[in-house]
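Only one structure is covered here, and it is reproduced in the block below.
Because the structure is predicted, anything quoted here is derived from the model rather than measured.
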Amino acid sequence: MTALVAGDLDRTLIYSAAALELNGSDADAPRLLCVEVHEGAPLSYMTETAAALLAEVAATATFVPATTRTREQYRRVHLPGPPPEFAVCANGGHLLVRGESDPDWRRTVGARLAAQCAPLDEIRGHLLRTADPAWLRKERIAEDLFAYLVVERTLLPDGWVQDLAGWAGTRGWTVSLQGRKLYAVPQPLTKSAAVAEVARRTGAAGILAAGDSLLDADLLLAADRGWRPGHGELAAAGWQAPHVTALEARGAAAGEEIVRAFHAAAGGSRSDG
Ligand SMILES: [Mg+2]
């Protein structure tokens with residue numbers, strides 16, 4: 001049996017130019033591989049070292065990208081190694097099996113959301129009523145499952161996100177602020193539920209996971225071992241769990257360290273099985 005390795009993408013395994021945090025000398029900067037192009041321009045990167053290690057992880061373990069991205073946004077990302085057999089998109093709303101959304105999984109998710117949290121329309125209405133055009137840049141619905149705003153973060157008033165999180169929490173929704181994006185996501189819509197489904201189908205020997213944001217906390221808690229970078233929402237909140245390693249490294253260096261940890265741990269579980 002092989003291990004299941006579930007990795008968040010943005011700011012965990014892949015990094016935009018703004019998130020790379022290449023703070024050392026230019027002469028010592030790592031060489032980068034571009035893994036995403038958007039509107040004809042390079043958008044996301046990993047270090048070449050991380051890329052080579054990730055290809056090896058994908059060859060020995062079941063590597064599952066686990067992202068809040070929509071399917072369309074995910075399909076722009078070309079990770080090293082073979083195309084993953086499973087991928088989690090829309091924060092667990094879509095389970096891609098060889099690139100196609102599994103209809104049974106989507107129905108299961110739909111039933112959970114209908115039963116367990118307030119409808120998307122109610123949350124969206126509240127977002128639009130309370131967001132201020134002074135700092136709101138875009139408003140989007142993702143896959144008819146959740147909402148996100150693109151905001152001018154420096155202009156966001158103190159307390160607005162906390163107030164929103166309190167209001168949303170009583171309705172069964174989670175709020176997560178990542179870079180310039182503010183997500184409102186139903187609490188039953190989780191990466192961990194979709195990853196557990198992959199583990200069930202593959203009979204995985206164990207789950208390794210990594211993530212940087214509040215939307216990754218459930219995934220990390222459900223894993224046997226986890227890693228989080230020194231940047232991001234979880235690090236800023238001082239979030240920790242006994243089986244989750246809190247790395248000091250930030251930016252693309254943290255991404256490389258996470259893949260190195262996956263490589264060491266997944267290799268170990270393979271020889272155990
Ligand atoms: Mg992330």
Side-chain angles (χ1 to χ4, degrees), residues 1-10 12 58 61-77 79 82-128 139-149 168-176 178 181-209 211 213-224:
M1 283 201 289
T2 54
L4 192 163
V5 175
D8 170 51
L9 293 181
D10 294 272
T12 297
T62 304
F63 170 60
V64 182
T67 180
T68 305
R69 287 176 173 236
T70 63
R71 287 168 292 171
E72 185 185 348
Q73 292 165 343
Y74 167 71
R75 286 181 177 130
R76 297 197 303 250
V77 179
L79 296 168
E85 184 176 2
F86 297 98
V88 172
C89 291
N91 214 61
H94 286 280
L95 174 57
L96 303 192
V97 182
R98 287 178 287 280
E100 296 299 320
S101 181
D102 183 302
D104 290 338
W105 179 252
R106 183 61 187 80
R107 267 192 296 278
T108 300
V109 167
R112 279 182 198 166
L113 298 189
Q116 297 174 13
C117 61
L120 173 59
D121 285 350
E122 181 182 342
I123 307 302
R124 186 191 190 195
H126 182 82
L127 285 173
L128 291 178
E139 182 266 341
R140 293 283 184 272
I141 297 297
E143 302 269 22
D144 288 324
L145 286 166
F146 61 89
Y148 65 90
L149 309 178
T170 61
R171 287 158 180 82
W173 285 64
T174 299
V175 170
S176 172
Q178 305 177 30
K181 284 187 178 164
L182 182 130
Y183 294 88
V185 176
Q187 284 166 7
L189 186 70
T190 62
K191 295 180 182 181
S192 61
V195 166
E197 175 66 9
V198 177
R200 191 185 67 78
R201 293 186 189 188
T202 60
I207 299 177
L208 309 173
S213 85
L214 276 182
L215 295 176
D216 300 310
D218 65 282
L219 180 64
L220 291 167
L221 288 174
D224 297 289

Query raised in the report: Heavy-atom distance under 4.5 Å between the side chains of Asp102 and Arg201, does that happen here?
Result: yes
Query raised in the report: Within a radius of less than 6.0 Å around CG of Asp144, do more than 12 heavy atoms belonging to other residues, nucleotides or ligands occur?
Result: no
**Report entry** Side-chain touch His94/Trp105, heavy atoms, less than 4.5 angstrom
**Finding:** no
Requested in this report: Begin from the C-alpha positions of Leu4 and Val195 and carry the test side-chain contact (heavy atoms from CB on, under 4.5 Å) through to its verdict.
Outcome: CA-CA 9 Å; Leu4 192 163; Val195 166; 3.9 Å; yes
Query raised in the report: Can any side-chain N or O of Gln116 pair as donor or acceptor with the backbone N or O of Pro188 at less than 3.5 Å?
Result: no
Query - Steps toward side-chain contact (heavy atoms from CB on, under 4.5 Å) verdict (Phe86, Val97) - result: CA-CA 5 Å; Phe86 297 98; Val97 182; 4.0 Å; yes
Query - Polar side-chain atom of Asp218 near backbone of Ser192 as donor-acceptor pair, under 3.5 Å - result: yes
Query raised in the report: Can you tell if the side chain of Leu120 reaches within under 4.5 Å of the side chain of Ile141, non-hydrogen atoms only?
Result: yes
Query raised in the report: For the atom pair CD (Glu139) and CZ (Arg124), what is the distance rounded to the nearest 0.5 Å?
Result: 4.0 Å
Report task. For residues Pro186 and Leu113, report the shortest heavy-atom separation together with the two atoms involved. Result -> CB-CD2, 3.7 Å
Query - Side chains of His126 and Asp121 in contact at under 4.5 Å (non-hydrogen atoms) - result: no
Query raised in the report: side-chain contact (heavy atoms from CB on, under 4.5 Å) between Leu79 and Phe63: does it pass, once the steps are laid out?
Result: CA-CA 11 Å; Leu79 296 168; Phe63 170 60; 3.7 Å; yes
Report summary line: Between Cys117 and Gly172, the two heavy atoms sitting closest are CB-O, 3.5 Å
Query raised in the report: Between Thr70 and Glu72, do the side chains contain an N or O donor and an N or O acceptor separated by less than 3.5 Å?
Result: no
Query raised in the report: To the nearest 0.5 Å, what is the distance between CD (Glu143) and SG (Cys89)?
Result: 7.5 Å
Query - Between CG on residue Asp224 and CG on residue Leu208, distance to nearest 0.5 Å - result: 7.0 Å
Query raised in the report: Does the side chain of Leu9 reach to within under 4.5 Å of the side chain of Tyr74, using non-hydrogen atoms?
Result: yes
**Report entry** Approximate separation, where rounding is to 0.5 Å, of Thr68 OG1 and Gln73 CD
**Finding:** 9.5 Å
Query raised in the report: How close do Ala90 and Leu145 get, heavy atom to heavy atom, and via which atoms?
Result: CB-CD1, 3.9 Å
Query raised in the report: Any donor-acceptor pair under 3.5 Å linking the side chain of Arg69 with the backbone of Val77?
Result: no
Report task. Starting from the C-alpha separation in whole Å, work towards a yes-or-no answer on side-chain contact (heavy atoms from CB on, under 4.5 Å) for Tyr183 and Gln178. Result -> CA-CA 8 Å; Tyr183 294 88; Gln178 305 177 30; 3.9 Å; yes
Report summary line: Looking only at heavy atoms, the pair that brings Val175 and Leu214 closest together is O-CD1, 3.8 Å
Query raised in the report: What's the shortest heavy-atom distance between Leu215 and Lys191, and which atoms?
Result: O-CD, 4.0 Å
Query raised in the report: Which heavy atom of Asp10 sits nearest a heavy atom of Asp8, and at what distance?
Result: O-OD2, 3.0 Å
Query raised in the report: Should Arg71 and Ser101 count as side-chain neighbours, where that means a heavy-atom distance under 4.5 Å?
Result: yes
Query raised in the report: Are Thr67 and Val88 close enough that some pair of their side-chain heavy atoms sits under 4.5 Å apart?
Result: no
Query raised in the report: Looking at CZ of Arg107 and CZ of Arg112, how far apart are the two atoms once the value is rounded to the nearest 0.5 Å?
Result: 13.5 Å
Query - Value rounded to 0.5 Å, distance of CG in Leu189 from CG in Asn91 - result: 5.0 Å
Query raised in the report: Does Gln187 offer a backbone N or O that forms a donor-acceptor pair with the side chain of Trp173 under 3.5 Å?
Result: no
